[in-house]
> 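Provided herewith is a single structure, encoded as structure tokens, for subsequent inquiry.
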Amino acid sequence: MTLSIIVMAAGKGTRMKSELPKVLHPIAGRPMIHFVIDTALSLNPSKIVIIVGHLAESVKESIQQEFQSVVLNYALQSPQLGTGHAVMQAQKPLEGLEGNVIVLSGDVPLTAAETLQSLLDYHIAEKAAATVLTARLADPTGYGRIIRSDDGSRVLRIIEQKDCTPEENLVNEINSGIYVFDKKELFLALGRVSNHNAQKEYYLTDVLGLLSDSKKKICAVEAQNFNEIRGINTPEQLKEAEDILLA
């Protein structure tokens, strides 16, 4: 079965307070996205598509200098209308491929290849339409929440914090932004995603709700180490990730 990987790397990273594209901020002397691509390559995918946007040429140049011997594909997201819109840009580069797609974020550099392989293996074993990597936090503030069925066995949807009800806000299982999808189901659902939400964006998380509504199987795997799914949005978080990496 074919495996493709999409890496989202289009964001500006306003909170980094820097002109440098967010994914090029260095950890231990290397742009953070280089760690993500290393991990993606270790899974031996048929194709890797990197979604670029803000200062796209700078991002591509940095990646191409580091990975000269590797064939990587790029798709441009312009304008940037959310994570769902970002992944839509990979549809054409992935044309003709079947199988599964892993979606990664270029600003989550500490995920272990073993964790992604376990996520993929579980997804395949369960014959799922989508599988999401999650974590449980004492303070889930800022993260999308995983909404499960009453018995806890199935994922029904992911709600961004801005759109949570007070009850949903109490859920402490959070979305890492790392997924495996059945490729066909992913792009069929993306075509039905709307931007009727607080941000007026097309959320990739809405795909899971649409698949669930269509009675497709949605699974979740809980990460054992929260550090692996740390997203980097501020200089402080960048320093924390570097300390973890160098420890």
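Fair warning: this is a prediction, and the values are worked out from it, not measured in the lab.
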> Strictly below 4.0 Å, N to O, side chains only: are Glu236 and Lys239 in salt-bridge contact?
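Salt bridge flag = no for Lys239 with Glu236.
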> Establish whether Ile174 and Met8 are linked, either directly or via other cluster members, by ILVMFWY side-chain heavy-atom contacts under 4.5 Å.
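Ile174 does not cluster with Met8.
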> State, to 0.1 Å, how close Ala90 and Phe187 come at their nearest heavy-atom pair, and which atoms those are.
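That closest heavy-atom pairing would be C-CZ, 4.2 Å.
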> From Leu72 CG over to Ile48 CD1, what is the distance, rounded to the nearest 0.5 angstrom?
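With rounding to 0.5 Å, CG (Leu72) is 5.5 Å from CD1 (Ile48).
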> Return yes if some donor-acceptor pair links the side-chain N/O of Asp182 with the main-chain N/O of Leu186 below 3.5 Å, else return no.
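No, Asp182 side chain to Leu186 backbone: no donor-acceptor pair under 3.5 Å.
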> Compile the donor-acceptor pairs under 3.5 Å between side chains in residues 142-150 and protein atoms, sequence neighbours left out, one pair per line.
residue : atom : partner : partner atom : Å
Arg145  : NE   : Val171  : O            : 3.0
Arg145  : NH1  : Pro140  : O            : 3.4
Arg145  : NH1  : Tyr143  : O            : 2.5
Arg145  : NH1  : Gln161  : OE1          : 2.9
Arg145  : NH2  : Gln161  : OE1          : 3.4
Arg145  : NH2  : Asn169  : O            : 3.1
Arg145  : NH2  : Asn169  : OD1          : 3.3
Arg148  : NE   : Glu173  : OE1          : 2.7
Arg148  : NH1  : Gly152  : O            : 2.8
Arg148  : NH2  : Glu173  : OE2          : 3.0
Ser149  : OG   : Asp151  : OD1          : 2.7
Ser149  : OG   : Ser153  : N            : 3.4
Ser149  : OG   : Arg154  : N            : 3.1

> Through direct or indirect side-chain contacts below 4.5 angstrom among Ile, Leu, Val, Met, Phe, Trp and Tyr, which residues connect to Leu110?
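Reading the cluster by chain and number, Leu110 sits alongside Met16, Ile27, Met32, Phe35, Ile232, Leu238, Ile244, Leu245.
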> What heavy-atom pair brings Ala223 and Ile229 nearest, and what distance separates the two atoms?
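Scanning both residues completely, I find the closest heavy atoms to be CB-CG2, 4.3 Å.
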> Looking only at heavy atoms, which two atoms of Val108 and Val36 are closest? And how far apart?
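Looking at all heavy atoms of both residues, the shortest contact is O-CG2, 3.5 Å.
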> Do the non-hydrogen side-chain atoms of Thr111 and Leu104 ever get within less than 4.5 Å of each other?
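Thr111 does not reach Leu104 side chain to side chain.
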> Passes side-chain contact (heavy atoms from CB on, under 4.5 Å), Val59 versus Tyr74? Steps please.
CA-CA 10 Å; Val59 174; Tyr74 298 90; 5.9 Å; no
> I'd like to check the side-chain hydrogen bond (donor to acceptor under 3.5 Å, both in side chains) partners of Lys12; sequence neighbours left out, ordered by chain and number.
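Partners of Lys12 under the side-chain hydrogen bond (donor to acceptor under 3.5 Å, both in side chains) test: none.
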> Side-chain contact test, heavy atoms from C-beta onward, threshold under 4.5 Å: evaluate it for Ile102 versus Leu43 and give yes or no.
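Side-chain contact under 4.5 Å: yes.
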> Do Thr131 and Leu119 come close enough that some side-chain heavy atom pair is under 4.5 Å?
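In short, these two side chains touch, coming nearer than 4.5 Å.
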> What are the two closest non-hydrogen atoms of Ala10 and Val52, and how far apart are they?
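Distance-wise, the nearest heavy atoms are CB-C, 3.6 Å.
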> Roughly how far, to the nearest 0.5 Å, is NE2 of His54 from CG of Leu24?
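Result: 9.5 Å between the selected atoms.
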> Return the set of residues passing side chain to side chain contact (heavy atoms under 4.5 Å, CB included) with Ser194 (not counting sequence neighbours), or none when no residue passes.
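Ser194: side chain to side chain contact (heavy atoms under 4.5 Å, CB included) contacts with His196.
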> Write down the atom of Ala129, the atom of Glu185, and the distance for their closest heavy-atom approach.
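What the structure gives for the nearest pair is CB-CG, 4.3 Å.
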> Asp121: which residues meet the salt bridge (charged side-chain N to carboxylate O under 4.0 Å, His left out) condition with it, sequence neighbours left out?
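Testing Asp121 for salt bridge (charged side-chain N to carboxylate O under 4.0 Å, His left out), a comparison that skips the adjacent residues, returns none.
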> Looking only at heavy atoms, which two atoms of Ala9 and Ile50 are closest? And how far apart?
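Minimum heavy-atom separation between Ala9 and Ile50: CB-CG2, 4.0 Å.
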> If two hydrophobic side chains count as joined below 4.5 Å and joins carry through other members, does Leu137 share a cluster with Ile159?
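Not linked; separate clusters.
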> Is the shortest distance from a Lys or Arg side-chain nitrogen in Lys183 or Glu98 to a carboxylate oxygen in the other one below 4.0 Å?
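Salt bridge: no.
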> Are Val207 and Tyr203 grouped together when hydrophobic residues (ILVMFWY) are joined by side-chain heavy atoms under 4.5 angstrom apart?
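Shared cluster, no.
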> How long is the straight-line distance from CG of Asp139 back to CG of Asn172, given to the nearest 0.5 Å?
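The CG atom of Asn172 sits 10.0 Å away from the CG atom of Asp139.
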> Out of curiosity, does Met88 fall in the hydrophobic cluster containing Leu211 (side-chain heavy atoms, cut-off under 4.5 Å, transitive links)?
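Yes; Met88 is reachable from Leu211 via cluster members.
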> Quick one: list whatever passes side chain to side chain contact (heavy atoms under 4.5 Å, CB included) with Leu188, sequence neighbours left out.
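Result, side chain to side chain contact (heavy atoms under 4.5 Å, CB included) vs Leu188: Lys184.
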> Do Ile5 and Tyr122 belong to the same hydrophobic cluster, where Ile, Leu, Val, Met, Phe, Trp and Tyr are linked whenever their side-chain heavy atoms lie under 4.5 Å apart, directly or via other members?
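Hydrophobic grouping puts Ile5 with Tyr122.
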> Does Ile51 reach the side chain of Val87, with side-chain heavy atoms less than 4.5 Å apart?
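Not touching, per the 4.5 Å side-chain cut-off.
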> Among residues two or more places apart or on two chains, list those pairs meeting ring pair (Phe, Tyr, Trp, His ring centres under 6.0 Å) that have a residue in residues 147-183.
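Applying ring pair (Phe, Tyr, Trp, His ring centres under 6.0 Å) to every pair that reaches into residues 147-183, excluding sequence neighbours, yields Tyr179-Phe181.
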> May I have all residue pairs that pass salt bridge (charged side-chain N to carboxylate O under 4.0 Å, His left out) and include part of residues 157-167, sequence neighbours excluded?
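Matches after skipping sequence neighbours: Arg157-Glu168.
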> Are the side chain of Glu228 and the backbone N or O of Ala112 linked by a donor-acceptor pair below 3.5 Å?
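Indeed, once roles are kept as given, a pair shorter than 3.5 Å links the two residues.
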> Answer whether the closest heavy-atom distance between the side chains of Leu81 and Glu201 falls below 4.5 Å.
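Heavy-atom side-chain distance check fails, nothing below 4.5 Å.
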> Rounded to the nearest 0.5 Å, how far does OG1 of Thr2 lie from CG of Asn100?
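These two atoms lie 9.0 Å from each other.
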> Could I get the full list of side chain to side chain contact (heavy atoms under 4.5 Å, CB included) partners for Lys217, not counting sequence neighbours?
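If we apply the side chain to side chain contact (heavy atoms under 4.5 Å, CB included) test to Lys217, skipping adjacent residues, the hits are Glu126, Cys219.
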> Measuring from Thr83:OG1 to Leu204:CG, what's the distance to the nearest 0.5 Å?
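CG of Leu204 is found 5.0 Å from OG1 of Thr83.
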> Could you check Arg136 against Phe226 for side-chain contact (heavy atoms from CB on, under 4.5 Å), going step by step and ending with a plain yes or no?
CA-CA 8 Å; Arg136 292 187 187 273; Phe226 171 67; over 6 Å; no
> May I ask you to test the Pro235-Arg15 pair for a side-chain heavy-atom distance under 4.5 Å?
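A side-chain contact is absent here, since even the closest heavy-atom pair is not under 4.5 Å.
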> Are Ile6 and Leu94 packed together at the side-chain level, in the sense that at least one heavy-atom pair is separated by less than 4.5 angstrom?
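They are in side-chain contact.
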> What pairs with Asp213 under side-chain hydrogen bond (donor to acceptor under 3.5 Å, both in side chains), at least two apart in sequence or on another chain?
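Asp213 satisfies side-chain hydrogen bond (donor to acceptor under 3.5 Å, both in side chains) with no other residue.
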> Using 0.5 Å steps for rounding, measure from the CG atom of Leu3 to the NZ atom of Lys47.
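The CG atom of Leu3 sits 13.0 Å away from the NZ atom of Lys47.
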> Counting distance only, does the side-chain N/O of Ser212 pair as donor-acceptor with the main-chain N or O of Leu208 below 3.5 Å?
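The answer is no, because no donor-acceptor pair under 3.5 Å joins these two groups.
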> Holding to side chain to side chain contact (heavy atoms under 4.5 Å, CB included), I want the full list of residues that pass it with Ser118, two or more places apart in sequence or in another chain.
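Here no residue qualifies.
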> Going by salt bridge (charged side-chain N to carboxylate O under 4.0 Å, His left out), name the pairs with one or both residues in residues 104-115, residues two or more places apart or in two chains.
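Found Lys22-Asp107.
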> When you check the side-chain N and O atoms of Gln77 and His85, is any donor under 3.5 Å from an acceptor?
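A donor-acceptor contact under 3.5 Å links the two side chains.
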> Does the side chain of Arg230 come within less than 4.5 Å of Gln237's, by heavy atoms?
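No - every pair of side-chain heavy atoms lies 4.5 Å or more apart.
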> Just wondering, are more than 12 heavy atoms of other shown residues or ligands nearer than 6.0 Å to NZ in Lys216?
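No, because the 6.0 Å sphere around NZ of Lys216 holds 12 heavy atoms or fewer from other groups.
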> Keeping Ser42 on the side-chain end and Thr39 on the backbone end, is there a donor-acceptor pair under 3.5 Å?
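Looks like yes, one N/O pair under 3.5 Å.
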